[in-house]
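Written below as structure tokens is the structure these notes are about.
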Amino acid sequence: MEFEKLQQFLKEEEAVRITALREEEEQKSQMMKEKIEKMTEEISSLSEQIRAIEQELGAEDVSFLQSYKDTQNRAQCTLGDPEKVSGVLIDVAKHLGNLKYRVWEKMLGTVQYTPVTLDPNTAHPKLSLSEDLTSVRYSRERQQVPDNPERFDWWCWVLGSEGFSSGRHCWDVEVGGGDCEVGVVKESFSRKGDVDPSSAEGVWGIEQNRSGKYTALTSPPTVLTVKRKLQRVRVQLDWDRGEVSFFDPSDNTPLYTFKHSFTERLFPFFGPSPHRMQICPLKVSVSEK
């Protein structure tokens, strides 16, 4: 389906550009047609004058002399050389210059890039993921999925598809409200059984509990000071410096920062409420050097 959307975009873009080319061709063909018609009329008028003068020159001497001045005036040619018309050729550069790049640049407006995509093989059976793997919601119905080692069977969590073992990474999440958790977890964190994230090692995250309070997943939980209900949460991981920070992206207000010396890969985790949790897309730009 995703490939079909891209193919459809290219077909439509091709049709638009071919239509523009044909319109320019018709416009310039019409302009040249009008120029040719005007020149044809002038040639026809001049030919008639030549025939009339030839007839008068063949007349009797007296008749010719009587109409000499009129004949002389008519013989004065007032037509100049044909005007050279510029811009009549198809503007090839406009239609073909950097064609693939321009189409690709325009295509950026139809596609989205999210810094994190979800791994359905890790999703708890009661989680439902979107087809593009960028959003998740809690479902009361348990889905029929394999009980593979990577899948959570107690905590209603799903992991990001890519783990990080170096560098800085950042992503925004629409939390939607309600009981939800978001953060990062080490790769070796147990996916099976009832493990309390607040007391477990290898979990760095925040949650909104059922009473509406925001806490950091520490032991004991640390209550966060939040000015207003969070619509989005920004997660910022600096693996090399050993920091996981959380912000309110509406004004970049810091919420909480964990400090730890990481020794293994970390994966983003998402624990949604019945409301949808959405990973926010980034705006992609093209720079020319």
Side-chain angles (χ1 to χ4, degrees), residues 1-13 16 100-124 127-139 156-185 204-208 214 226 228-239 243-256 265-289:
M1 186 182 298
E2 295 298 325
F3 277 108
E4 287 176 358
K5 290 178 181 178
L6 295 176
Q7 291 168 356
Q8 183 63 30
F9 170 84
L10 291 175
K11 288 179 181 178
E12 292 174 357
E13 186 65 18
V16 167
K100 287 187 285 187
Y101 174 81
R102 296 304 177 194
V103 173
W104 174 73
E105 184 181 38
K106 189 173 180 181
M107 186 181 289
L108 288 179
T110 68
V111 298
Q112 290 184 330
Y113 169 77
T114 52
V116 175
T117 54
L118 305 175
D119 182 359
N121 294 336
T122 65
H124 186 278
L127 294 184
S128 177
L129 277 61
S130 62
E131 290 185 353
D132 62 359
L133 305 178
T134 63
S135 68
V136 56
R137 77 166 60 238
Y138 175 81
S139 174
C156 289
W157 285 3
V158 59
L159 299 185
S161 60
E162 181 182 359
F164 307 115
S165 56
S166 64
R168 296 183 64 187
H169 310 274
C170 183
W171 57 95
D172 289 0
V173 186
E174 288 186 7
V175 292
D179 184 14
C180 59
E181 301 93 14
V182 63
V184 296
V185 62
W204 300 272
I206 64 174
E207 72 169 349
Q208 180 184 9
Y214 296 93
V226 179
R228 53 184 171 272
K229 183 178 180 180
L230 297 175
Q231 299 299 320
R232 292 187 179 187
V233 172
R234 175 167 297 159
V235 185
Q236 185 171 292
L237 166 65
D238 191 331
W239 196 97
E243 292 182 355
V244 182
S245 301
F246 298 85
F247 301 86
D248 178 353
S250 64
D251 55 7
N252 213 32
T253 300
L255 300 174
Y256 194 82
R265 281 204 302 175
L266 303 179
F267 285 80
F269 77 84
F270 307 87
S273 66
H275 300 280
R276 185 183 69 161
M277 182 176 280
Q278 171 77 49
I279 304 166
C280 302
L282 296 180
K283 184 177 181 181
V284 180
S285 61
V286 178
S287 61
E288 301 171 1
K289 296 183 178 180

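A donor atom on one side chain and an acceptor atom on the other are found under 3.5 Å apart for T117 and S161. Donor-acceptor pairing under 3.5 Å is lacking for the side chains of E4 and Q8.
Atom CD in Q278 sits 8.0 Å away from atom OG1 in T114 (nearest 0.5 Å). The structure places NE2 of H275 at 10.5 Å from CG of D179, a figure rounded to the nearest 0.5 Å. Between W204 atom CH2 and L266 atom CG the span is 5.5 Å, to the nearest 0.5 Å. Rounding to the nearest 0.5 angstrom, the gap separating the CZ atom in R276 from the OG atom in S135 is 5.0 Å. Taking CD of E2 as the reference point, atom CG of D132 lies at 7.0 Å (rounded to 0.5 Å). Distance CD/Q236 to CH2/W171: 9.5 Å, rounded to 0.5 Å.
Looking only at side-chain heavy atoms (C-beta outward), C280 and E174 come within less than 4.5 Å of each other. Considering only heavy atoms from C-beta on, E181 stays 4.5 Å or farther from Q208 through its side chain. At a threshold of 4.5 Å between non-hydrogen side-chain atoms, the residues L237 and F164 count as touching. At least one side-chain heavy atom of M107 sits less than 4.5 Å from a side-chain heavy atom of L10. The shortest distance between side-chain heavy atoms of L118 and I279 falls below 4.5 Å. A 4.5 Å side-chain heavy-atom check between V233 and D172 finds every atom pair outside the cut-off.
Considering only residues two or more places apart in sequence or on other chains, P120 meets the side-chain contact (heavy atoms from CB on, under 4.5 Å) condition with L129, L133.
Of all heavy-atom pairs spanning N252 and F247, the tightest one is O-CD2, 3.8 Å. Closest heavy-atom contact between Y214 and V226: CD1-CG2, 3.7 Å. Shown here for L127 and V158, the closest heavy-atom pair between the two residues is CD1-N, 3.9 Å. Considering all non-hydrogen atoms of both residues, E162 and P268 come closest at O-CD, 3.6 Å. Across every non-hydrogen atom of V116 and G160, the tightest pair is CG1-CA, 4.0 Å. Summarising the geometry of C156 relative to Y138, their closest heavy-atom pair is SG-CE1, 3.6 Å, with the distance given to 0.1 Å.
Residues F269 and W157 place their aromatic rings such that the two centres sit under 6.0 Å apart.
The closest donor-acceptor contact from the side chain of T122 to the backbone of L159 lies under 3.5 Å.
By the 6.0 Å contact criterion, CZ on R168 is open, its count of non-hydrogen atoms from other residues, nucleotides or ligands being 12 or less. Atom CD of E105 sits in a crowded spot, with more than 12 heavy atoms from other residues, nucleotides or ligands closer than 6.0 Å.
Test K229, R234, R232, R228 against D248 for salt bridge (charged side-chain N to carboxylate O under 4.0 Å, His left out) and you get one pass: R228.
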| message | Run K106 and E13 through side chain to side chain contact (heavy atoms under 4.5 Å, CB included) and show every step you take. | response | CA-CA 9 Å; K106 189 173 180 181; E13 186 65 18; 3.1 Å; yes
